[in-house]
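Step one of this worksheet: look at the structure below.
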Number of protein chains: 2
Amino acid sequence: MQPIHYSKQELIELLGQQGINVTSQRIDIARVLFAHGDHVSAEVVFDRVNRELADSRRVSKATVYNTLGLFAEKGLIRQVIADPTRVFYDPNTKPHHHFYDINSHELMDIDEADIRMQGLPSLPEGARLEGVDVVIRVSHR
Amino acid sequence: MQPIHYSKQELIELLGQQGINVTSQRIDIARVLFAHGDHVSAEVVFDRVNRELADSRRVSKATVYNTLGLFAEKGLIRQVIADPTRVFYDPNTKPHHHFYDINSHELMDIDEADIRMQGLPSLPEGARLEGVDVVIRVSHR
DNA sequence: CTTAATGCAAAGGCTTTGCAGAGAC
DNA sequence: GTCTCTGCAAAGCCTTTGCATTAAG
């Protein structure tokens, strides 16, 4: 996804629109998510947020984890399950798919239009659709 | 996948065909994988194997984990990455896809023919295709 | 005999939780 | 002032690893 450099005001609105209470940590975390636009683990978010912040405003690891979970639950970002060892978060919530490099542990977007799936199979009895994830696993050398 | 009740001889051949050295633990683990045919975590394999075995022949958790990893690497079974908290193993290695119930944490097969994907996007430069995973996430109630 | 596999317990990552203190409104 | 969030450290899972013992060929 393209990096988007939101102003503080815009971030506050964004959070508000998703029904997320606004705090300074949540603004900082949302800022780095959209300012980079890539697929990140909680660890990376933690590093990036705190690299940019004065010591007095450091965000704890617990808050990063909890906030990413909250953002995903509220639909601001989405989880990508591609690596058995960590969860990735994707600021792009529009339908699309992913390449996953099993060597470098990196995700790359695939535009939705580049994979056309013919007719979803009928869901199991009483099931509600939550999402369709296509992960194309590749290796580099 | 349909349960398959292999004889000890057949299991030995199966392992041999995949270039897996044969041991009694590996036979026992392969037996329960195919005898049930469903998608299982290492924990479940551990329980099932040891439920069926006399105490004198118990298989350790480390061996279960290492053996499942080995089987997957050798292509006897495949890993399914659908749940952020655990790896599932699938004795069905033919191309197919999965429903994942996020409430019950269970996987269900989707026949390959039920999802037709038009033309894979071209892979990133220098990348080799390792696999295509489609996971349709559903919730129950 | 020689090499590879197993079992055990300990260590390792990632993530969640409990609870006291701080911050938002 | 009340309710929610944050930080810290501890705990929890799932999984891997180190190493002495055992089994395989």
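The chains referred to below are lettered A, B, ... by the order of the sequence lines, with proteins before strands, and numbering in each begins at 1. Being a predicted model, the structure only gives us computed values, none of them experimental.
At whole-Å resolution of the value, CZ in B/F46 and P in D/dT16 are 15 Å apart. Note: CG (B/L68) to P (D/dC14) measures 14 Å, nearest angstrom. Straight-line distance from the CZ atom of B/R58 to the P atom of C/dA9: 11 Å, rounded to whole Å.
Applying the side-chain hydrogen bond (donor to acceptor under 3.5 Å, both in side chains) rule to pairs touching residues 62-76 of chain A yields A/S60-A/T63, sequence neighbours excluded. Within the structure, ring pair (Phe, Tyr, Trp, His ring centres under 6.0 Å) contacts touching residues 3-28 of chain A (residues at least two apart or in different chains) are A/Y6-A/F34. Applying the salt bridge (charged side-chain N to carboxylate O under 4.0 Å, His left out) test to pairs two or more places apart or on separate chains, those with a residue in residues 75-100 of chain B are B/R78-B/D133, B/D83-B/R86. Sorted by first then second residue, the salt bridge (charged side-chain N to carboxylate O under 4.0 Å, His left out) pairs that include residues 15-25 of chain A, not counting sequence neighbours, number zero. Pairs engaging residues 8-25 of chain A under the side-chain hydrogen bond (donor to acceptor under 3.5 Å, both in side chains) rule: A/S7-A/E10 [sequence neighbours left out]. For the salt bridge (charged side-chain N to carboxylate O under 4.0 Å, His left out) condition, the pairs that include at least one residue of residues 14-28 of chain B, sequence neighbours left out, are B/D28-B/R31, B/D28-B/R57.
Ring pair A/H98/A/H39 is perpendicular by interplanar angle, where above 60° counts as perpendicular and below 30° as parallel.
No continuous path of ILVMFWY side-chain contacts below 4.5 Å connects B/F99 to A/V80, so the two sit in separate hydrophobic clusters. At a threshold of 4.5 Å between side-chain heavy atoms, the hydrophobic network of Ile, Leu, Val, Met, Phe, Trp and Tyr places A/Y89 and B/V135 in two separate groups.
End-to-end axis angle of the helix from C/dC1-D/dG25 to C/dC25-D/dG1, using five pairs per end and rounding to 10°, comes to 30°.
Sorted by residue number, the members of residues 71-89 of chain B with any non-hydrogen atom under 4.0 Å from DNA chain D read B/T85, B/R86, B/V87. At a non-hydrogen distance threshold of 4.0 Å, nothing from residues 31-45 of chain B comes into contact with DNA chain C. Of the residues in residues 7-16 of chain B, not one places a heavy atom less than 4.0 Å from an atom of DNA chain D.
Nearest nucleotide to the A/T63 side chain, out of D/dG7, C/dT6, C/dA5: D/dG7. Ranking C/dG7, D/dT6, D/dT15 by closeness to the B/V59 side chain, first place goes to C/dG7. Here the nucleotide nearest the side chain of B/A62, chosen from C/dT6, C/dG7, D/dT6, is C/dG7. Here D/dT16 is the nucleotide among C/dG7, D/dT16, C/dA4 with the atom lying nearest to any side-chain atom of B/Y65.
Partners of A/E130 under the salt bridge (charged side-chain N to carboxylate O under 4.0 Å, His left out) rule, at least two apart in sequence or in another chain, are A/R128.
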What are the atom names and distances for every N/O pair under 3.5 Å that joins the protein to nucleotides 20-23 of chain D?
none

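Listed pair A/N66 / C/dT16 fails the phosphate criterion, with no side-chain N or O lying under 4.0 Å from OP1 or OP2. Residue A/R26 places none of its side-chain N or O atoms closer than 4.0 Å to OP1 or OP2 of C/dA24.
Comparing B/T23 and A/T23 by the nucleotide of DNA chain C whose heavy atom lies nearest to each, the residue mapping closer to the 5' end is B/T23. Looking at which nucleotide of DNA chain D each of A/T67 and B/K61 is closest to, the 5′-most match is held by A/T67.
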